[in-house]
Amino acid sequence: MSFNIAIDGPAGAGKSTIAKTVAKELGFIYVDTGAMYRAIALFLIRNDIDASEIDRIEEVLDEINITIEYENNAQLVMLNGENVNSYIRTEKVGIMTSAVSTHACVRNKLLQLQRQLAETSDVLMDGRDIGTCVLPNADLKIYLTASSRTRAERRWKELTERGVECDINQIEKDIIDRDNQDMNREIAPLKQADDAVLVDTSNMNIEEVVAHLIALVNEKKA
Ligand code: DC
């Protein structure tokens, strides 16, 4: 039987950084489900299909093949055989992804793939609906969050360090809009599962969060 860890939380809470590090320390496979949704959004952008065109999206879903590969422990998201990791992290793709992931047909397509991955390996999977929907029987569920201001500050710092000019208030507004969209959608909205442990990282650094999560895993395994 595989041991499964679900990490959910809003955009910018540090899920992927934390999840990657914890998975590496535990020797688990890290599955970034947001990247899978992003790859679908990228396909739609490339084909000039808007998030509101539900009929067209349903039509083209069969043409979209998403698979996951691993290279030096890093997850590669393959879109019809192409590694799209370097194209899916833009704000444009992020906003499109949040809109596209509201559609049931899109979610159903990825649900099966995500469950298959968890059946066969010890996984640490992060997203919005992992504990509530994808892996309701996960051995450990974490809800990782931070205040919208803290999340905006982290994003601002990351962009500024890369030389990108940006406005922190606009970043915070985008984060709040994204939270609203992810939390208020009809299907699989972002919410803390009843049996998830809440971890607010507003006043914690990465090392502290990682250590806290490893301790929670060890408690569960004991
Ligand atoms: O984690 P992320 O920022 O890469 O996710 C991008 C979008 O994908 C997010 O706004 C909502 C959607 N998503 C989802 O609906 N369900 C998931 N399990 C993961 C992501």
Side-chain angles (χ1 to χ4, degrees), residues 4-23 29-45 51-52 54 57 61 64 66 68 74-77 79 84-118 123-136 138 141-146 148 150-152 154-155 158-159 171-193 196 199 201:
N4 294 326
I5 303 171
I7 301 189
D8 291 298
K15 293 189 303 294
S16 55
T17 311
I18 304 291
K20 248 184 243 168
T21 314
V22 172
I29 287 179
Y30 167 52
V31 183
D32 172 358
T33 61
M36 299 176 179
Y37 285 98
R38 284 172 183 267
I40 292 187
L42 178 70
F43 179 95
L44 299 175
I45 291 171
S52 62
I54 181 72
I57 294 175
L61 270 183
I64 306 176
I66 306 285
I68 295 292
Q75 172 184 290
L76 307 182
V77 181
L79 168 61
V84 291
N85 273 28
S86 54
Y87 305 112
I88 58 176
R89 296 285 156 209
T90 63
E91 285 306 300
K92 184 177 174 186
V93 172
I95 290 164
M96 177 71 167
T97 308
S98 183
V100 163
S101 61
T102 59
H103 299 314
C105 56
V106 173
R107 305 205 69 82
N108 289 336
K109 184 176 176 80
L110 293 180
L111 186 65
Q112 208 188 342
L113 173 61
Q114 291 163 0
R115 284 189 176 152
Q116 268 167 11
L117 288 165
V123 296
L124 191 158
M125 191 174 284
D126 82 3
R128 301 294 188 286
D129 61 337
I130 311 305
T132 52
C133 176
V134 181
L135 304 176
K141 299 180 187 177
I142 310 281
Y143 190 82
L144 199 72
T145 189
S148 59
T150 304
R151 289 184 281 140
R154 289 175 184 163
R155 182 79 182 133
E158 188 190 315
L159 289 169
I171 294 177
E172 187 176 12
K173 187 188 168 295
D174 289 346
I175 281 178
I176 292 169
D177 287 350
R178 179 102 75 89
D179 286 356
N180 283 334
Q181 179 145 259
D182 292 347
M183 288 172 175
N184 296 312
R185 67 182 177 216
E186 225 166 278
I187 310 160
L190 167 65
K191 74 173 170 85
Q192 184 181 340
V199 179
T201 71

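Ligands are counted one by one from 1 in listed order, and the atoms in each one are counted from 1 as well. Side chains included, hydrogens not; waters and symmetry mates left out as well; all remaining heavy atoms used. If you're wondering where the values come from, they're calculated on a predicted model, not measured in any experiment.
Looking only at side-chain heavy atoms (C-beta outward), Val199 and Thr145 stay at 4.5 Å or farther from each other.
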Criterion salt bridge (Lys or Arg N to Asp or Glu O under 4.0 Å) on Asp129 and Arg107, from CA distance to verdict: CA-CA 10 Å; Asp129 61 337; Arg107 305 205 69 82; 2.9 Å; yes
Apply salt bridge (Lys or Arg N to Asp or Glu O under 4.0 Å) to residues Asp179 and Arg151 and explain how you reach the verdict. CA-CA 11 Å; Asp179 286 356; Arg151 289 184 281 140; 2.7 Å; yes
Run the salt bridge (Lys or Arg N to Asp or Glu O under 4.0 Å) check on Asp174 and Arg178 step by step: do they pass? CA-CA 6 Å; Asp174 289 346; Arg178 179 102 75 89; over 6 Å; no
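Residues of the protein with a heavy atom under 4.0 Å from ligand 1 are Thr33, Gly34, Tyr37, Arg38, Arg89, Thr97, Ser98, Ser101, Arg107, Gly127, Arg128, Asp129, Ile130, Arg178, Asp182, Arg185, listed by chain and number.
Asp182 and Ser98 share a side-chain donor-acceptor pair at under 3.5 Å. Side-chain polar atoms of Thr17 and Arg154 form no donor-acceptor pair below 3.5 angstrom.
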